[in-house]
*Asks:* 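Next up is a structure, given as C-alpha cells.
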Amino acid sequence: MDIQDVQAALNKLPLGGIRYLPQVGSTNDEAARWIAQSAPNMSLVLTDEQTAGRGRSGRTWIAPAGSSLIFSLILHPQQLGAHLLPRLTALGALAVEETLRNYYDLPAQIKWPNDVLVHRQKVCGVLTEAQWDEDQVKALILGIGINVARQSSIEANRMADESTLPATSLEDLLDRPVDRLYLLGKVLEEIFRWQPRLASQDFLQAWEANLAFRGEWVVINLGDSPGKDGLPRTLERQSPTIEEGKVMGLFQDGSLRLRTAVGEIVKVSVGEIHLRPASQERGITHV
Ligand code: BTN
C-alpha cells in the first residue's frame with residue numbers, strides 16, 4: 001500500500017483529505033493530532049500497521065503490517081447534527097456489515113454497539129472518540145479495524161480475554177486474498193450513503209434488521225460509563241454491573257431493547273454484550 005494507490009482507489013469519494021502512514025501507534029491518535037491542525041470534515045487517516053491501537057474497555061487493537069484494514073475518519077459535529085453523535089458507531093458498524101454482505105456475500109451482523117460478526121466471530125471493531133473544546137464536541141473520530149489476513153485474527157485471538165468472542169478474518173472466511181483498498185472504498189461509500197440518513201427510520205431499521213443475537217439471552221457487562229454526548233468514554237471505567245436479558249431489538253434512540261426473565265423491558269444505553277454461556281442457557285419458560 002502506498003499513497004498513490006490509496007489516492008487512486010479513493011479518488012471518486014468526497015473525502016476532506018487523506019493521510020496514509022505506513023505505521024502508527026493508533027490511527028485515532030493520528031486523527032486527533034490532525035484535528036488540532038484543523039483537519040477538514042471527512043478526512044481519512046489510514047495505516048498499514050498499528051502498534052498501539054485502542055479498543056473499547058481498555059482493550060488493545062494491534063494490527064501487524066499488511067494484515068488489516070485500519071483507518072479513522074474525522075467528522076465535524078455541525079456537519080453531522082450534534083444530536084446524532086450516539087449513532088456514529090452504528091454508522092461505522094452498519095457500513096462494514098453492508099459491505100461484507102453486498103460485496104463479499106458474507107452473513108455479517110452487528111453486535112451492539114460496535115462490533116461486526118460473521119458466524120458469531122468478530123471480524124471488525126469500531127471505536128468512536130470525541131475531541132472536546134471546553135464542553136463542546138469539536139470533532140469526532142470514527143475508528144474502524146477490519147481483520148483481513150489470517151495473521152490479524154491470530155493476533156486478535158492471542159490478545160483476547162475470556163469475555164471476548166473469537167476473532168476471524170476475511171481471508172479465514174473467504175479462503176482467498178482480499179484487496180484492502182477495494183474494501184476500504186466500499187466501506188467509505190456505505191458511510192457516505194448512510195450518513196445523510198443517520199436520523200431516518202431506514203437507518204434504524206437497517207441496524208436493527210442486522211442485529212446479532214436477536215431472540216437470544218445475553219449477559220450485559222455495563223463496564224463503560226457514558227460520556228457527555230452519550231458515547232462511551234473508553235478510558236473511564238466503573239465497576240461493572242451485570243444484567244441479563246433477551247435481545248428484542250432497538251429503541252428509537254438506538255439503545256438496546258432487552259426483555260428480562262420476568263418479562264420486563266429494559267433499555268441498555270452503553271455496555272457490552274456477552275453471549276450467555278450455553279451451560280446456563282435459560283429454558284423455554286422465559287420465552
Ligand atoms: C473494539 O473492538 O473494542 C473497537 C476496536 C477499534 C479499533 C480501531 S482500529 C482503527 C482505530 N484506531 C484505534 O486505535 N482504534 C480504532
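Atoms considered below: every heavy atom in the structure, side chains included; atoms not considered: hydrogens, waters and symmetry mates. Counting begins at 1 with the first residue of the sequence. Order of appearance sets the numbers: ligands from 1, and atoms from 1 within every ligand. This structure is a prediction, so every number in the text was calculated from the model and none was measured.
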*Asks:* Short list, please: which atoms of ligand 1 are under 4.0 Å from a heavy atom of N114?
*Replies:*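 Atoms satisfying the 4.0 Å criterion: 1 (C), 3 (O), 4 (C).
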*Asks:* Would you mind telling me which of K246, R120, R259 makes a salt bridge (charged side-chain N to carboxylate O under 4.0 Å, His left out) with E216?
*Replies:*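 For E216, the salt bridge (charged side-chain N to carboxylate O under 4.0 Å, His left out) check succeeds only for R120.
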*Asks:* Can you figure out which of E129, K111, Q50 has its heavy atom closest to atom 9 (S) of ligand 1?
*Replies:*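 Looking at heavy atoms only, the winner is Q50.
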*Asks:* Just jot down the ligand 1 atoms closer than 4.0 angstrom to any heavy atom of G55, in number order.
*Replies:*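 Those of ligand 1 that fall under 4.0 Å from G55 are 1 (C), 3 (O), 4 (C), 5 (C).
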*Asks:* Of all the atoms in ligand 1, which lie at a distance below 4.0 Å from a heavy atom belonging to K122?
*Replies:*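 Listed by number with element, the hits are 1 (C), 2 (O).
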*Asks:* Closer than 4.0 Å to some heavy atom of D115 - which atoms of ligand 1 meet that?
*Replies:*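 The atoms of ligand 1 under 4.0 Å from a heavy atom of D115 are 2 (O).
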*Asks:* Should W61 and L127 count as side-chain neighbours, where that means a heavy-atom distance under 4.5 Å?
*Replies:*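 With C-beta onward as the side chain, the pair stays apart.
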*Asks:* Ignoring hydrogens, just give me the one of G25, A93, G145 whose non-hydrogen atom is nearest atom 8 (C) of ligand 1.
*Replies:*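 Ranked by closest heavy atom to atom 8 (C) of ligand 1, first place is G145.
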*Asks:* List the atom of L46, the atom of I70, and the distance in Å for their closest heavy-atom pair.
*Replies:*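 Shortest heavy-atom separation between L46 and I70 comes out as CD1-O, 3.4 Å.
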*Asks:* Pick from T168, D115, N147: which one makes a side chain to side chain donor-acceptor pair (under 3.5 Å) with K122?
*Replies:*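 It is D115, the one option of T168, D115, N147 that forms the side chain to side chain donor-acceptor pair (under 3.5 Å) with K122.
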*Asks:* With a 4.0 Å heavy-atom cut-off (strictly under), which part of I144 contacts ligand 1: side chain, backbone, both or neither?
*Replies:*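 Answer for I144: backbone.
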*Asks:* Ignoring hydrogens and angles, state whether a donor on the side chain of D253 or S255 is under 3.5 Å from an acceptor on the partner side chain.
*Replies:*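 There is such a pair between these side chains.
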*Asks:* Side chain, backbone, both or neither: which applies to I70 and ligand 1 if a contact is any heavy-atom pair less than 4.0 Å apart?
*Replies:*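 The part of I70 near ligand 1 is the side chain, not the backbone.
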*Asks:* Would R56 count as a polar contact of ligand 1, with the cut-off being nitrogen or oxygen pairs under 3.5 Å?
*Replies:*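 Yes, there is a polar N/O contact under 3.5 Å.
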*Asks:* Look at ligand 1 and say whether R54 reaches it with a heavy atom at a distance under 4.0 Å.
*Replies:*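 Contact present.
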*Asks:* Please list, in number order, the atoms of ligand 1 under 4.0 Å from a heavy atom of T27.
*Replies:*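 Every atom of ligand 1 under 4.0 Å from some heavy atom of T27: 10 (C), 11 (C), 12 (N).
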*Asks:* Is there a side chain to side chain donor-acceptor pair (under 3.5 Å) between T27 and S72? Walk through the geometry before answering.
*Replies:* CA-CA 6 Å; T27 53; S72 299; 2.8 Å; yes
*Asks:* Show, in sequence, the C-alpha distance, side-chain angles and deciding distance for E189 and Y103, and conclude whether the side chain to side chain contact (heavy atoms under 4.5 Å, CB included) test is met.
*Replies:* CA-CA 12 Å; E189 274 175 25; Y103 297 95; 4.1 Å; yes
